[in-house]
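Here the structure is a predicted model, which means the values were calculated and not measured. Start at 1 with the first residue, then count along the sequence. Both ligands and their constituent atoms are indexed starting at 1 by order of listing.
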Amino acid sequence: MDLTLTPDQEAFRAAAREFCDREVVPHRTAWDHAESVDLAIVPKLGEQGFFGVKIPEEYGGLGLDLLTYCLAMEELGRADSAIRGIVSVSAGLFAGPILAHGTDAQKQRWLPGIVAGELLGCFGLTEPGHGSDAANLRTKAVRDGEDWVIDGEKIFITNGTWADACLVFARTGGPGPKGVSAFIVPTDTPGFERREVTGKLGLRGQATAALSFSGVRVPADALLGEEGQGFRIAMSTLDTGRVGIAASCTGIIAGCLAATVEYTTQRDQFGKPIAAHQLVQDLIADMSVDADAARLLVWRAADLAMRGEPFSLAASKAKLFASEAAVRAANNAVQAFGGYGYVDDYPVAKYLRDARVMTLYEGTSQIQKLLIGRAETGVSAFV
Ligand code: FAD
């Protein structure tokens, strides 16, 4: 693997960083306090190309590669994970599977709007009773003539209160993963209701919703892919999603490192900058190594995927390492800032709150370990 970015990738990264420094960083604390980003940012993110990095030009996207998408996720993660989540869910978890599995009509209907930031999508897999064990989800879709009728509940759905459509995973057949199908459900369909999940530890600027489906009737062409393919669609979507989460965690680590270097070289204690104390350098050295290691795992997973090779295992390793390292780096950053790290005057307190969820969603750290353990041993510890 060549670890040198192409001039186009470098230019994309520089433009993404410049946009984030101008449009996101100055507002992130206020959005966090308000518990909502200003949604006027969404079309601006579209104009900058964030929603369309991997979507082909025929749907308005940039048609670039997964590594470039990861660069976007790293820059957004460094700036504000709430904004990153809006993009990664709408572009990655909603538009991604439509691009991979959708009909021409489904692509034409949803992709241009998502790319432009005129529409937002969400991904409805998790249920109140089935999180890690998503293969046993209970939301049901029953065939009624030409239509499907959906009943059930989803929880913790990013973008859920803002989204124009939700990719809903529902049971159409027997128990287990083979009985699950995926449906594209417009959120103005009668019987669909949503409420905001409040009081989150982090990602406060981002909408997170509980969704309820009560006799939600959608036409046959709302089905994405084949009946019974839904769980496979969800899992392959999450493979790529995990690479993106790992990239955004790399951004958190890089942000913590930059903020900590700046602060510790300027603040004096015991007659010299705190950066000159060896135990403070210990914290900084760990962040620096974690940033490199996380980025290399991300690039390796992206490289495998771009070459069309299996990359699920590499994605799990990247997600596991980078998410744990992001929590570690943000915790170290707060330590290096002392009391000032515990308040909102600097970004590190928010980095710590935002990082914490990264070890939970898109498969907890325990679930990533079970996936890695299964690949290493050939023995599944899931059941
Ligand atoms: P559980 O599955 O109940 O797990 C609880 C604990 O048990 C964890 O520590 C877990 O690792 C452990 N555990 C479970 N099974 C095992 C096992 N077999 N072996 C060892 N340990 C085990 N979901 C979506 O579908 N779409 C979204 O957009 C989305 N966004 C989210 C945003 C936020 C802010 C949050 C908090 C969650 C979001 N989620 C979303 C849900 C998220 O993916 C789930 O919370 C996650 O998968 C864990 O499920 P759970 O919360 O039900 O925990």
Closest to atom 33 (C) of ligand 1 among protein heavy atoms sits Tyr361 CD2, 3.7 Å
shortest atom 20 (C) of ligand 1-to-protein heavy-atom contact is with Gln366 CB, 4.0 Å
Margin query: Before you tell me yes or no, could you show the steps for Ile367 and Glu362 under side chain to side chain contact (heavy atoms under 4.5 Å, CB included), namely the whole-Å CA-CA distance, both residues' side-chain angles and the distance that decides it to 0.1 Å?
Written below: CA-CA 9 Å; Ile367 294 302; Glu362 300 207 19; over 6 Å; no
Inset, instruction - Report yes or no: is the cationic atom of Arg328 (NZ for Lys, CZ for Arg) closer than 6.0 Å to the six-membered ring centre of Phe321, at no more than 45° off its axis? - result: yes
Does the protein put a heavy atom less than 4.0 Å from atom 6 (C) of ligand 1?
-> no
Among non-hydrogen protein atoms, atom 24 (C) of ligand 1 lies closest to Thr126 OG1, 3.3 Å
**Prompt:** Does one side chain, of Asp80 or His27, offer a donor that lies under 3.5 Å from an acceptor on the other?
**Reply:** no
Taken to the nearest 0.5 Å, the spacing of Leu64 CG from Asp8 CG works out to 7.5 Å
The atoms of ligand 1 lying under 4.0 Å from a heavy atom of Leu125, numbered in the order shown, are 25 (O)
Inspect the surroundings of CD in Glu23 and state if more than 12 heavy atoms from other residues, nucleotides or ligands are less than 6.0 Å away. yes
heavy-atom search around atom 46 (C) of ligand 1 in the protein gives Leu360 O, 3.5 Å
Hey, is Arg217 close enough to Asp147 for a salt bridge, meaning N to O under 4.0 Å? yes
heavy-atom search around atom 17 (C) of ligand 1 in the protein gives Leu370 CD1, 3.8 Å
Original post:
Between Arg295 and Thr250, do the side chains contain an N or O donor and an N or O acceptor separated by less than 3.5 Å?
Top reply: no
Note: Thr364, heavy atoms under 4.0 Å from ligand 1, region reported as side chain
One finds that the ligand 1 atoms under 4.0 Å from a non-hydrogen atom of Val357 are 34 (C), 35 (C), 36 (C)
Note: ligand 1 atoms sitting under 4.0 Å from heavy atoms of Ile157 are 24 (C), 25 (O), 26 (N), 27 (C), 28 (O)
So for Glu362 against ligand 1, with non-hydrogen atoms under 4.0 Å, the contacting part is backbone
Checklist entry - Above 12 or not: heavy atoms from other molecules or residues under 6.0 Å from CD of Glu309? => result yes
> Considering all protein heavy atoms, does one lie under 4.0 Å from atom 1 (P) of ligand 1?
Replying inline: yes
Practice item. Determine, stepwise, if the pair Gln206 / Arg84 fulfils side chain to side chain contact (heavy atoms under 4.5 Å, CB included). Key: CA-CA 9 Å; Gln206 190 179 88; Arg84 191 278 305 157; 5.7 Å; no
Residue, atom and distance of the protein heavy atom nearest atom 49 (O) of ligand 1 read Gly131 CA, 3.3 Å
- prompt: Taking side chain as C-beta onward, heavy atoms only, is Ser212 less than 4.5 Å from Arg195?
  reply: no
min-distance protein heavy atom vs atom 3 (O) of ligand 1 -> Ser132 OG, 5.0 Å
**Message:** Tyr263 vs Thr260, test: side chain to side chain contact (heavy atoms under 4.5 Å, CB included). Steps then yes/no.
**Reply:** CA-CA 5 Å; Tyr263 182 80; Thr260 306; 5.9 Å; no
Nearest heavy atom to atom 32 (C) of ligand 1, choosing from Ile367, Thr158, Leu211, belongs to Thr158
>> Contact between ligand 1 and Phe382 is defined here as a heavy atom of the residue under 4.0 Å from a ligand atom; is it met?
In response: no
In this structure, atom 31 (C) of ligand 1 is nearest to the protein heavy atom Phe156 O, 2.9 Å
Counting only heavy atoms on the protein side, is anything nearer than 4.0 Å to atom 12 (C) of ligand 1? no
